[in-house]
Protein chains: 2
Amino acid sequence: MERRTRQREAIRQALAVADRPLSPQELLARASRALPGLGIATVYRHLTRLDREGALRAVVLPGEPSRYEIAGKDHHHHFRCRACTAVFELPHCPGDFERLAPSGFLVENHELFLMGLCAGCRDGQR
Amino acid sequence: MERRTRQREAIRQALAVADRPLSPQELLARASRALPGLGIATVYRHLTRLDREGALRAVVLPGEPSRYEIAGKDHHHHFRCRACTAVFELPHCPGDFERLAPSGFLVENHELFLMGLCAGCRDGQR
DNA sequence: GTGGATGCAAACTCTTTGCACCTTG
DNA sequence: CAAGGTGCAAAGAGTTTGCATCCAC
């Protein structure tokens with residue numbers, strides 16, 4: 001049976017208030033502020049569990065560690081800036097991806113990532 | 001300056017004839033058939049380099065090791081079946097993703113994955 | 001008090017790097 | 001023969017696991 005522990009609450013809370021997907025290390029840093037001494041292994045254990053429970057969503061980008069965000073937000077996708085590596089949420093989803101699959105295939109889910117330069121880095125590089 | 005070596009050719013060739021994206025280990029296994037003794041470090045070095053040259057494309061799926069495929073195929077995306085884990089190429093791309101990004105952002109690239117059940121697994125589960 | 005949860009450190013896996021030797025041009 | 005390339009092994013980075021201890025119930 002599942003216990004309510006300070007660690008679990010600190011991790012859930014840090015994920016809940018995050019404005020963007022967090023890597024395990026980022027999550028550890030944030031949750032540690034509320035609960036010093038928290039271990040990275042505990043973060044991973046809860047990420048695994050929350051994922052199994054469907055309470056969070058993994059955001060996987062090429063060449064980057066996985067990031068996690070709380071489930072239940074409006075459906076959206078992500079943009080990663082190749083210069084600053086920050087990941088931004090995108091408000092819209094074009095939808096209608098079912099028609100891309102061969103006939104007979106069942107599309108249950110999809111992932112879309114955009115990559116490029118964010119407004120800040122685009123300015124800086126000019 | 002860049003040399004033409006047996007290793008480089010074996011790796012390029014294995015990628016070129018692959019029918020699906022290959023992980024570094026799969027690529028090593030295939031290229032080793034043409035050139036026994038090939039080392040995994042060399043595979044990684046060439047993957048890095050080919051990627052920099054734009055000669056290949058990384059295919060990253062949540063929870064799976066990165067795979068690589070030769071560039072220059074028609075632009076396409078992938079479908080992964082959650083039952084048999086096979087990855088299929090999709091012929092079309094809806095395109096026009098630039099409008100999804102916030103203004104000021106530069107979209108250079110995008111990735112789209114569909115997930116669900118392929119025709120075979122859908123039949124089998126019925 | 002009992003069994004799940006935790007922190008630490010070691011183990012693992014995947015990828016990168018240092019270095020001596022080899023190969024291409 | 002010079003400079004880049006290679007294989008090996010060691011080093012890194014990220015993640016998982018074993019285990020003694022802790023603590024929620």
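Lettering follows sequence order; numbering is per chain, from 1. What you see below is based on every heavy atom in this structure, not just the backbone, and it leaves out hydrogens, waters and symmetry mates. Just so you know, these numbers come straight off a predicted model, no measurement behind them.
Taking atom CG of B:Leu28 as the reference point, atom C1' of D:dC8 lies 13 Å away to the nearest angstrom. Regarding A:Asp51, its CG atom lies at a distance of 13 Å from the P atom of D:dT15, rounded to whole Å. Between the CG atom of B:Leu47 and the C1' atom of C:dC14 there is a distance of 13 Å, given to the nearest Å. One atom, NE2 of B:His46, and another, C1' of D:dT6, lie 8 Å apart when rounded to the nearest Å.
Here A:Phe97 pairs with A:His110 under the ring-ring contact (aromatic ring centres under 6.0 Å, His included) rule; sequence neighbours left out. With sequence neighbours excluded, no residue forms a ring-ring contact (aromatic ring centres under 6.0 Å, His included) with A:Tyr68. Applying the side-chain contact (heavy atoms from CB on, under 4.5 Å) criterion to A:Arg45, with sequence neighbours excluded, gives A:Ala41, A:Thr42.
Counting only distance, with no hydrogens or angles, the side chain of A:His46 and the backbone of A:Tyr44 share no donor-acceptor pair below 3.5 Å. Using a distance-only test at 3.5 Å, with no hydrogens or angles considered, a donor-acceptor pair links the side chain of B:Glu26 to the main chain of B:Ser23.
Aromatic rings of A:Phe79 and B:Phe105 (six-membered ring for Trp) have centroids within the 6.0 Å cut-off, being under it.
The number of heavy-atom neighbours closer than 6.0 Å to CZ of B:Arg49, taken from other residues, nucleotides and ligands shown, is above 12. The number of heavy atoms from other shown groups lying within 6.0 Å of NE2 (B:His92) does not exceed 12.
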* To do: Show your reasoning for whether side-chain contact (heavy atoms from CB on, under 4.5 Å) applies to A:Arg6 and A:Arg4.
  => CA-CA 7 Å; A:Arg6 266 166 276 174; A:Arg4 243 182 84 244; over 6 Å; no
* May I have the step-by-step check of side-chain contact (heavy atoms from CB on, under 4.5 Å) for A:Leu50 and A:Arg12, ending in yes or no? => CA-CA 9 Å; A:Leu50 290 166; A:Arg12 285 190 73 105; 3.6 Å; yes
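Look at B:Gln7 and you'll find a side-chain N or O under 4.0 angstrom from OP1 or OP2 of D:dG7.
Residues from residues 10-22 of chain A placing a heavy atom under 4.0 Å of any atom in DNA chain C do not occur. For the segment residues 33-40 of chain B, residues with any heavy atom less than 4.0 angstrom from an atom of DNA chain D are, sorted by number, B:Gly37, B:Leu38, B:Gly39.
Of the listed residues (A:Glu89, A:Glu69, A:Arg20), just one forms a side chain to side chain donor-acceptor pair (under 3.5 Å) with A:His78, and that residue is A:Glu69.
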* To do: Indicate for each nucleotide in nucleotides 17-25 of chain C, in 5' to 3' sequence, whether protein heavy atoms under 4.0 Å reach the base (B), only the sugar-phosphate (S), or nothing (-).
  => BB----BBS
